[in-house]
Protein chains: 2
Amino acid sequence: MRTVLIIDDHHLIRTGIKNLLNSFSQELTFLEASTLSQGMDILARESKIDLLLMDLMLPDADDFEGIKSIKKLRPEIALAVVSAHETRDIIRNVIENGADGFIPKTADAEVFKSAVALMLEGEVYLPRSYYQPSDEPEIETASNPIDNLTKRQLDVFKLMCIGYSNKEIGQQLELSESTIKTHISAILRHYRTNSRAKAIVQFQQLHLP
Amino acid sequence: MRTVLIIDDHHLIRTGIKNLLNSFSQELTFLEASTLSQGMDILARESKIDLLLMDLMLPDADDFEGIKSIKKLRPEIALAVVSAHETRDIIRNVIENGADGFIPKTADAEVFKSAVALMLEGEVYLPRSYYQPSDEPEIETASNPIDNLTKRQLDVFKLMCIGYSNKEIGQQLELSESTIKTHISAILRHYRTNSRAKAIVQFQQLHLP
DNA sequence: GAAAATTATGAGGACGGTTTTAATCATCGA
DNA sequence: TCGATGATTAAAACCGTCCTCATAATTTTC
């Protein structure tokens, strides 16, 4: 008997996953949480958990930080993110933060079952779209999301991405507006754009840590 | 025997809904579509459909326009939107565009079942949150999302929200940059802010039509 | 110790946002 | 049908913010 913990704030998703997996194996029991903190409580309390399926964008979570803190608490549990957002950057971040798999919510039943079966065996599952980038074969190599940004640039970037002006960012970080401009220029150059609006839109769905 | 058509691009949601409703009544059969156009095909073909449950933000749909066109084709079918976004403004828009109900994806099983039962009887269901605005009793009245924007303002707003500059919006819509500025000013005034970055961030998660 | 990161400034141009004014068009109620 | 009302388009003037670039001092990191 294996135990699966599902962390998702949507009741429908939780029951959807349960029913789907029940139809594939009677050997599963389920625990459910609708927030990260509920999930952490369960993880601290329940010793026997074999697989954790979690959403990104939980109401109380810092997404990638959530993955990190779970893996810190219980590194032995296989952790898969089940998410509606399946860009390569998000998937890469999910994995780099310690997850063992990524299942798109759009995955059909058979794929979903196989992926879960794999992960229960300690394997890793990533969707085809991660290995086969849609159109061009790797033009990027530099225009990545969070990585390659320095610590300070990330600080600035996060505040920019929640709509702060340069002045506001400067006040928040106790730096001069000039310094913020320097950082913003570096960030935009890094992402190969020259408008903060485009940068925000490009990376807003990542819900940065 | 009643027939329910489910339009949602997430397999998990579709099976979640089916299993949930099956546990409440054996008298239901289901049809499924993952896009609006698939759904429209089924609606044109199948005469006996009693209830339609649809997501907002379908890959090929203009959200509220989708509701309208369905109701135009088959006004007699009860239509409920099942969505993760449950602000009062969205719910109001859903209803004003012809839907008969709105079920939050976060609704728990009992609520979901009762809501569907109600709607199968020709009634209307709206979540409590629509009647009981969370905190303050109507401070707003003006800072709404999509509504109250004129058609043209919406055109401009959408392009702004995907990162376009004023110049680019003007080229896209074949209008002068001056005109775009006029519209942008009106939009920002409407949302009580004075920076496009803040407007983008505030409303990016709505996935506008 | 060299290389990279962080902080900062100033100049200059591009862009964004407000306000005012105004012409045209559609719609709706009286 | 007329007149009011609001939507749409546009321009100009004005100022603030954004963004780049060059430069440079200081600190961190390896």
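Quick note on labels: first sequence line is chain A, next is B, and so on, each numbered from 1. Because the structure is a prediction, the values reported are computed rather than measured.
- Rounding to whole angstrom units, CG of residue B/L154 and C1' of D/dT8 are separated by 15 Å.
- One finds a salt bridge joining A/E32 and A/R14 here, because a Lys/Arg side-chain nitrogen approaches an Asp/Glu carboxylate oxygen to under 4.0 Å.
- The phosphate of C/dG17 has neither OP1 nor OP2 within less than 4.0 Å of any side-chain N or O from B/N194.
- Here B/K105 pairs with B/D55 in a salt bridge; the nearest charged N to carboxylate O distance falls below 4.0 Å.
- Between B/K181 and B/E174, it is B/E174 whose nearest contact on DNA chain D lies nearer the 5' terminus.
- Distances were taken from every side-chain heavy atom of B/L188 (C-beta onward) to each of C/dG17, D/dT8, C/dA8; the shortest belongs to C/dG17.
- Across C/dG17, D/dA10, C/dT9, the shortest atom-to-atom separation from the side chain of B/T179 is found for D/dA10.
- The side chain of B/H183 places no N or O atom within less than 4.0 Å of a non-bridging phosphate oxygen (OP1 or OP2) of D/dT8.
- Distances shorter than 4.0 Å separate some side-chain N or O of B/N166 from OP1 or OP2 on C/dG16.
- A/R196 has a side-chain polar atom (N or O) that falls below the 4.0 Å cut-off from OP1 or OP2 of D/dC19.
- In this structure, A/E76 pairs ionically with A/R74, as a charged nitrogen and a carboxylate oxygen lie closer than 4.0 Å.
- To the nearest angstrom, C1' of C/dA5 lies 14 Å from NE2 of A/H190.
- For C/dC15, one of the phosphate oxygens OP1 or OP2 lies less than 4.0 angstrom from a side-chain nitrogen or oxygen of B/K167.
- Put simply, A/T182 has no side-chain N or O that comes within less than 4.0 Å of OP1 or OP2 on C/dT7.
- The pair B/R2-B/E27 does not meet the salt-bridge criterion, since no charged nitrogen lies less than 4.0 angstrom from a carboxylate oxygen.
- Nearest heavy-atom pair, A/D100 versus A/I77, reported as atom, atom and distance to 0.1 Å: OD2-O, 3.7 Å.
- Per the geometry, CZ belonging to B/R152 stands 14 Å off P belonging to C/dA26, to the nearest Å.
- Per the geometry, CD1 belonging to A/I169 stands 15 Å off P belonging to C/dT6, to the nearest Å.
- Rounding to whole angstrom units, CD of residue A/E168 and P of D/dC18 are separated by 9 Å.
- Side-chain atoms of B/T179 and B/S176 form a donor-acceptor pair, as typed in the model, at a separation below 3.5 Å.
- We find that CD1 of A/I180 is positioned 17 Å from P of C/dA5, with the value rounded to whole Å.
- Proximity of B/S185 to the phosphate of C/dT18: a side-chain N or O atom is located under 4.0 Å from OP1 or OP2.
- Remark: C1' of D/dG6 and CG of B/L149 are 15 Å apart, rounded to the nearest angstrom.
- Straight-line distance from the CG atom of B/L175 to the P atom of C/dA23: 20 Å, rounded to whole Å.
- The side chain of B/S178 contributes no N or O atom lying less than 4.0 Å from OP1 or OP2 of D/dT9.
- Nucleic acid contact for A/S195: sugar-phosphate only, since backbone atoms but no base atoms lie under 4.0 Å from a heavy atom of the residue.
- Residue B/S165 is in sugar-phosphate contact alone, with no base atom involved, counting any heavy-atom pair closer than 4.0 Å across all strands shown.
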